[in-house]
**Q** 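I have a structure I would like to understand better, so I am pasting it below and will then ask my questions one at a time.
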Amino acid sequence: MARFVAVRLVRAVLTITIVVTFAFVVLRASGDPARALLSPETPAAAVEAFRKSWGLDAPLWVQYVRYLGAVAHGDLGQSMRDGRAAIRVVAERIPVTLMLTMPALILNLCIGIPAGIYAALKRDSLADRLVMTVAVLGFTVPSFVLGLVLVLVFAVELPWFPSGGAGSWPQMVLPVVTLGLSGAAVLARFTRSAMLEVLGQPYIRTGSAKGVPWRSVVTGHALPNAAIALLTIIGFMVGNLVAGTVLVESVFSWPGIGSLLIVSVASRDLAVVQCIMLLVAAAMITTNVTVDLLYGVLDPRLRESRSAGGA
């Protein structure tokens, strides 16, 4: 088990390093922050002074080494827009984003898993086809398009909920539903597939042949075994929720990390963008490592095979 955990942690560190390096290079290759933050009328001398004060005049490799050294000491830099610590700027938005992602994840699970189980148990029936049709539609429609449709219907035509803003629960409804329905559609499809695979196993047929009640076969054998396969998609869904907030927060004017990321990218606020990328990558990697560890707990054979193979 110790080796199993160590391999995952090493991979997590390497992945974060790759993400940090990618963000660092792409941000600096996409434009000069001095030109984005300063007005076009700013004298050349003032622009150069700005670049020097933020260390942008040094060669790229020097900036990279300095950045890695600062990150290693817990310094994620300062915002070029207001001079505050980048981590503080981002931390102020985290609770606001969690107000969307946590209810959306609960909505994903409460809709997607029961719908997938029901479709699997009613395989090839009208109910199965109906559930899968809705799931495919929910999977293929982009979240921002779904958000705009919900705004048009429930904020314009039927003014039941506000079209944007934050601060009250009615303002949470439409963005949470937008995030939740997209994820629920994906989860329903994978839950159905996982259940069908388990229901086709010999031990399921043996249990039914021995007279074990079908409800007991499903709840006692099929669901626990299908849950192992579902851990993977649930882990990916957490990452997708974080990524999905970028578009959804823009549609609903929700002042979370997604909105901050768009503003920071537009203004080339390097430290804030890099901080957001680092935290998002850390959240996704932590989720995936947790899923791997849960695999090892739920199925020791998988843990032993992966450790032996160095995976």
Side-chain angles (χ1 to χ4, degrees), residues 100-147 149-150 173-209 212-245 247-248 283-284 287-299 301-302:
L100 293 185
T101 54
M102 296 307 294
L105 179 60
I106 294 173
L107 187 62
N108 285 346
L109 300 177
C110 291
I111 295 179
I113 293 178
I117 294 173
Y118 180 78
L121 296 178
K122 301 291 184 179
R123 182 179 184 179
D124 296 330
S125 67
L126 177 61
D128 177 26
R129 289 192 290 271
L130 179 61
V131 170
M132 286 300 100
T133 299
V134 174
V136 170
L137 289 175
F139 177 74
T140 55
V141 175
S143 58
F144 70 91
V145 173
L146 177 59
V149 171
L150 292 178
V173 173
L174 294 184
V176 167
V177 170
T178 300
L179 283 173
L181 290 183
S182 299
V186 177
L187 187 57
R189 293 181 63 196
F190 275 87
T191 300
R192 179 183 181 274
S193 298
M195 283 293 295
L196 288 178
E197 182 177 355
V198 173
L199 291 173
Q201 296 299 315
Y203 62 86
I204 297 294
R205 294 193 295 269
T206 301
S208 300
V212 178
W214 180 240
R215 182 183 297 271
S216 299
V217 172
V218 172
T219 58
H221 299 283
L223 286 179
N225 285 280
I228 297 177
L230 289 177
L231 280 176
T232 299
I233 186 60
I234 292 175
F236 281 118
M237 283 175 54
V238 173
N240 289 336
L241 279 176
V242 176
T245 57
L247 295 176
V248 173
M284 296 179 68
T287 301
N288 290 330
V289 170
T290 302
V291 168
D292 275 344
L293 295 178
L294 289 175
Y295 272 144
V297 172
L298 295 175
D299 192 346
R301 297 170 302 175
L302 183 61

**Q** Please give me the minimum heavy-atom distance between Ala185 and Ala135, naming the atom from each residue.
**A** CB-O, 3.2 Å
**Q** Only distances under 3.5 Å count here; give the side-chain donor-acceptor pairs of residues 100-113 to other protein atoms, sequence neighbours excluded, each with its distance to 0.1 Å.
**A**
{"from": "Thr101", "atom 1": "OG1", "to": "Thr97", "atom 2": "O", "distance (Å)": "3.3"}
{"from": "Asn108", "atom 1": "OD1", "to": "Ala184", "atom 2": "N", "distance (Å)": "3.2"}

**Q** Can you tell me how far CG of Leu150 sits from OG1 of Thr178, rounded to the nearest 0.5 angstrom?
**A** 4.5 Å
**Q** Kindly write out the residues that satisfy side-chain contact (heavy atoms from CB on, under 4.5 Å) with Ala119, not counting sequence neighbours, or none if the list is empty.
**A**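 Scan of Ala119 (side-chain contact (heavy atoms from CB on, under 4.5 Å), adjacent residues dropped) gives Asp128, Val131, Met132, Arg192.
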**Q** As an exercise, state the distance from CG of Leu121 to CG of Leu196, rounded to the nearest 0.5 Å.
**A** 8.5 Å
